[in-house]
Protein chains: 2
Amino acid sequence: MELDRLDRDIIAALVDDARQTYAVIGHRVGLSASAVKRRVDRLRETGAITGFSARVAPRALGWTTEAYVELFCQGKTKPSDIALAVSRFPEVVAAATITGEADALLHIRATDVRHVERVIERIAAQSFVVRTKSSIVLSRLVDTPPGAAVPEARNGSPAPS
Amino acid sequence: MELDRLDRDIIAALVDDARQTYAVIGHRVGLSASAVKRRVDRLRETGAITGFSARVAPRALGWTTEAYVELFCQGKTKPSDIALAVSRFPEVVAAATITGEADALLHIRATDVRHVERVIERIAAQSFVVRTKSSIVLSRLVDTPPGAAVPEARNGSPAPS
DNA sequence: ATTGAAAAAGAGTAGCG
DNA sequence: CGCTACTCTTTTTCAAT
């Protein structure tokens, strides 16, 4: 699907604040409210925008600890096997297969370090898991909502002061 | 701040769909529309809800490639130094200091592998960076919006079938 | 302290040019 | 695409528990 500059500006506006009115967004991007609505409807239909969500402070919900866990699996493990196994844990908020020594990287949120340990223990107990290597997060430095930046807009070249 | 079951249900509803009407949420949690609005306002004031955001398919915006990069820094590097340096790159969507051999882990989104390479190159050029170790994401298996799950609700013990 | 109901203000939606 | 008219939501106010 083809996105023009207007679509990208609208998306950026909605990522910033999904509850802005169409009129406000329209003023920001130079369009009427109804034109914005039509484009937003189209962006949802085509799947560019997948939904609208409240941003939550994980701490407020009790998720005070997070960790990244590298997964080393047996030779013939399929990505779908890993996906199926780890998606059963609500603590696993992200998972991906990766290049390098490990086969997959998991992002885990838990209530405390003990909780992290329990989850890792259960994941390590899966038959296809050979070993795990965990890193507890000490402090989060950056956490950008996806879609905030646009590739074409800036090309990621901050002047390295 | 103290969150009761109603607050958590409301948050879960808003994470699921931030554009549901207060009336619909109220019906779902057993409250009137105005009661829901008051609670949402309070949740925003206290910082439990930090905002509302459109969920975007990164691919639709041109972010087709992602990578995780471990950062090994010089002995006396402060977390704030790392934060300052990497937050200048729109491609760095997440960053955290971690336990283990590496000092920090970065999550990068880029348009292609060449782009990932360029960004890593620029980050590695920072004075405090000793070396980096990157893993390109092959396929994303899980990507849960934060706040979808609630610690107290289920305790992360799926029956290991 | 928090709720539900009702009135007023505002925004979403659909059809028109 | 922009404009207008209509409908539904949000927001405020008020009384009650």
Side-chain angles (χ1 to χ4, degrees), chain A residues 1-63 145-148 150-153, chain B residues 1-57 60-62 145-153:
Chain A
M1 193 232 170
E2 200 63 21
L3 294 183
D4 64 12
R5 201 178 172 290
L6 248 24
D7 290 321
R8 279 191 273 260
D9 287 349
I10 290 170
I11 289 173
L14 286 173
V15 168
D16 184 50
D17 178 6
R19 285 196 161 188
Q20 282 171 102
T21 66
Y22 292 131
V24 170
I25 298 170
H27 184 259
R28 183 163 155 181
V29 306
L31 233 55
S32 73
S34 30
V36 173
K37 183 205 180 319
R38 275 191 292 262
R39 279 173 180 259
V40 171
D41 287 346
R42 191 168 54 91
L43 289 167
R44 299 196 62 174
E45 278 165 17
T46 59
I49 294 176
T50 60
F52 300 95
S53 192
R55 277 193 301 265
V56 176
R59 262 178 297 180
L61 281 163
W63 303 111
V150 174
E152 275 70 21
Chain B
M1 191 232 170
E2 199 64 22
L3 294 184
D4 64 12
R5 199 176 173 292
L6 248 24
D7 290 321
R8 279 191 273 261
D9 288 349
I10 290 170
I11 289 173
L14 286 174
V15 168
D16 184 49
D17 178 7
R19 285 196 160 187
Q20 284 172 100
T21 66
Y22 292 131
V24 170
I25 298 170
H27 185 259
R28 183 164 156 180
V29 305
L31 233 54
S32 72
S34 31
V36 173
K37 183 209 182 310
R38 274 187 296 260
R39 279 175 179 259
V40 172
D41 288 344
R42 193 166 52 93
L43 289 167
R44 298 196 62 175
E45 278 165 19
T46 59
I49 294 175
T50 60
F52 300 95
S53 193
R55 277 194 300 267
V56 177
L61 282 163
V150 176
E152 276 70 20

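Below, each value reflects all heavy atoms present in this structure, side chains not excepted, and no hydrogens, waters or symmetry copies.
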Could you tell me the separation between the CZ atom of R39(B) and the C1' atom of dT11(D), rounded to a whole number of Å? 18 Å

Has the side chain of S34(B) got a donor or acceptor that lies under 3.5 Å from a partner of the other kind on the base of dA5(C)? yes

Are any of the side-chain nitrogens in D17(A) or R28(A) under 4.0 Å away from the carboxylate oxygens of its partner? no

Under 3.5 Å, side chain of R42(A) to main-chain N/O of K37(A), donor-acceptor pair present? no

For Q20(B) and dC8(D), give me the distance from atom CD to atom P, rounded to whole Å. 18 Å

Students often get this wrong, so: under 4.0 angstrom with heavy atoms, is S32(A) touching a base, only sugar-phosphate, or nothing? base

Can you tell me the distance, in whole Å, between the NE2 atom of H27(B) and the P atom of dA5(C)? 13 Å

Protein-nucleotide distance (I25(A), atom CD1; dC1(D), atom P), rounded to Å: 14 Å

When the distance from OH of Y22(B) to C1' of dA11(C) is rounded to whole Å, what number comes out? 13 Å

Out of the candidates V15(A), D9(A), L14(A), only one should pair with I11(A) under the side-chain contact (heavy atoms from CB on, under 4.5 Å) rule; please name it. V15(A)

L31(B) CG to dA1(C) C1', in whole Å, measures 14 Å

Please determine, for the side chain of K37(A), which listed nucleotide (dT13(C), dT11(D), dT3(C)) has the closest atom? dT13(C)

Once you round it to whole Å, what is the distance between C1' of dG12(C) and CG of L14(A)? 14 Å

E45(A) CD to dT13(C) P: how many Å, rounded? 12 Å

Of T21(B), L6(B), V24(B), L31(B), the one forming a side-chain contact (heavy atoms from CB on, under 4.5 Å) with V36(B) is L31(B)

Hey, does R42(B) reach any base, or is it just sugar-phosphate, or nothing, if we go heavy atoms under 4.0 Å? nothing

Reading DNA chain C from 5' onward, which residue's closest nucleotide shows up sooner: R19(A) or R38(A)? R19(A)

